[in-house]
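A quick write-up on the structure given underneath.
Scope of the values below: all heavy atoms of this structure, side chains included, with no hydrogens, waters or symmetry mates. What you see is a predicted model; the values in this text were computed from it and never measured.
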Amino acid sequence: DNSAALDYAGTGTLTLNGGTIEDAATNDASLLLATPGSSGSLGANKSITIDTTAPTVANVTATNPNGAYNAGQTILLQSGFSEPVNVTGTPKLALNTTPGDNATYASGTGTPTLTFDYTVQAGDNIATLDYTATNALTLHSGTITDPATNNATLTLASPGAAGSLSANKTITLDTTAPPV
């Protein structure tokens with residue numbers, strides 16, 4: 001069930017379903033409701049949203065320009081979701097660095113875009129930075145939920161596929177000094 005503004009379907013939707021509604025003098029009640037959205041209706045009196053759809057990851061990119069990065073430089077990765085999400089804890093994004101490192105959640109709660117930071121480490125050398133797999137985004141004892149508290153589906157596009165980091169950006173990590 002999903003509804004941006006919960007209301008009943010029409011003026012005649014209140015039914016007895018085999019029961020009775022009457023006053024103390026046994027007069028039957030009128031079952032005619034106010035027009036949906038008008039004064040006196042559920043929609044006019046309450047603002048109720050029903051959301052049972054989990055947010056999903058739409059893409060992963062970086063705010064850094066394409067290019068090569070050295071030890072000590074920070075890569076700002078962004079994970080775009082299908083709707084605003086709220087974050088607790090410090091989710092992580094596993095990267096294809098050697099040895100394997102993680103970008104750590106930095107900001108974005110309450111928005112559809114989460115930012116993860118990764119500082120390039122000495123020894124990081126990779127021709128094309130990407131995350132490790134479709135399950136590289138992990139909660140690490142945190143949560144990622146939408147405002148209705150639906151848990152986010154954390155499945156990412158396959159590395160190299162449309163929507164992945166390497167499909168959106170060409171970032172090289174090069175921490176090896178050039179030989180003489």
Side-chain angles (χ1 to χ4, degrees), residues 1-9 36-37 42-43 45-69 71-121 123-173:
D1 290 338
N2 290 295
S3 175
L6 183 66
D7 209 339
Y8 44 81
L42 174 62
N45 288 310
K46 291 289 181 180
S47 179
I48 299 173
T49 300
I50 297 176
D51 177 1
T52 62
T53 303
T56 59
V57 179
N59 66 49
V60 177
T61 189
T63 59
N64 302 67
N66 292 335
Y69 292 84
Q73 293 182 296
T74 301
I75 309 296
L76 302 174
L77 304 166
Q78 292 189 320
S79 179
F81 282 82
S82 58
E83 62 179 304
V85 292
N86 298 312
V87 178
T88 64
T90 51
K92 298 191 181 294
L93 182 62
L95 301 175
N96 66 343
T97 57
T98 302
D101 284 318
N102 293 308
T104 303
Y105 168 74
S107 64
T109 193
T111 73
T113 303
L114 302 182
T115 299
F116 293 79
D117 291 348
Y118 178 69
T119 302
V120 180
Q121 306 295 307
D124 282 349
N125 291 297
I126 191 82
T128 306
L129 182 65
D130 209 341
Y131 45 80
T132 57
T134 59
N135 64 348
L137 179 55
T138 56
L139 296 174
H140 283 267
S141 300
T143 63
I144 301 176
T145 61
D146 67 9
T149 69
N150 294 306
N151 290 323
T153 300
L154 303 180
T155 305
L156 305 171
S158 295
S164 71
L165 175 59
S166 64
N168 290 321
K169 287 290 185 166
T170 303
I171 295 177
T172 300
L173 303 183

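For Thr104, the side chain to side chain donor-acceptor pair (under 3.5 Å) criterion is met by Lys92, not counting sequence neighbours. Every residue meeting the side chain to side chain donor-acceptor pair (under 3.5 Å) condition with Thr53, not counting sequence neighbours, appears here in chain and number order: Asn2. Applying the side-chain contact (heavy atoms from CB on, under 4.5 Å) rule to Thr134 yields the partners Thr155, Ser158; only residues at least two apart in sequence or on another chain are considered. Residues that satisfy the side chain to side chain donor-acceptor pair (under 3.5 Å) test with Tyr105, not counting sequence neighbours, are absent from this structure. With sequence neighbours excluded, the residues satisfying side chain to side chain donor-acceptor pair (under 3.5 Å) with Asp146 are Asn150. Residues that satisfy the side-chain contact (heavy atoms from CB on, under 4.5 Å) test with Gln73, not counting sequence neighbours, are Tyr69, Asn70. Residues forming a side-chain contact (heavy atoms from CB on, under 4.5 Å) with Ala94 (at least two apart in sequence, or on another chain): Asn102, Thr132, Ala136. For the side-chain contact (heavy atoms from CB on, under 4.5 Å) test, residues two or more places apart in sequence or in another chain that qualify with Pro36 are Asp7, Tyr8, Thr11.
Checked by atom type and distance alone, the side chain of Thr115 never pairs as donor or acceptor with a backbone atom of Gly108 at under 3.5 Å. The backbone N or O of Asn96 lies less than 3.5 Å from no partner atom in the side chain of Asp130, so there is not a single donor-acceptor pair. In this structure a side-chain-to-backbone donor-acceptor pair under 3.5 Å is missing from Asp124 to Thr97.
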Please table the atom pairs, donor to acceptor, closer than 3.5 Å between any side-chain atom in residues 58-67 and protein atoms at least two apart or in another chain.
residue, atom, partner, partner atom, Å
Asn64, OD1, Leu76, N, 2.7
Asn64, ND2, Thr74, O, 2.9
Asn66, OD1, Thr170, N, 2.8

Could you pull out every donor-acceptor pair under 3.5 Å between side chains of residues 137-145 and any protein atom, sequence neighbours left out?
residue, atom, partner, partner atom, Å
Thr138, OG1, His140, NE2, 3.1
Thr143, OG1, Thr88, OG1, 2.6

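Minimum heavy-atom separation, Thr153 to Ala54: OG1-CB, 3.9 Å. What you find for Ala157 and Gly163 is that their closest heavy atoms are CB-C, 4.2 Å.
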*Could you walk me through whether Ile75 and Val120 pass the side-chain contact (heavy atoms from CB on, under 4.5 Å) check?*
CA-CA 7 Å; Ile75 309 296; Val120 180; 4.1 Å; yes

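In this structure, Leu156 and Leu93 have side chains that are in contact, with non-hydrogen atoms separated by less than 4.5 Å.
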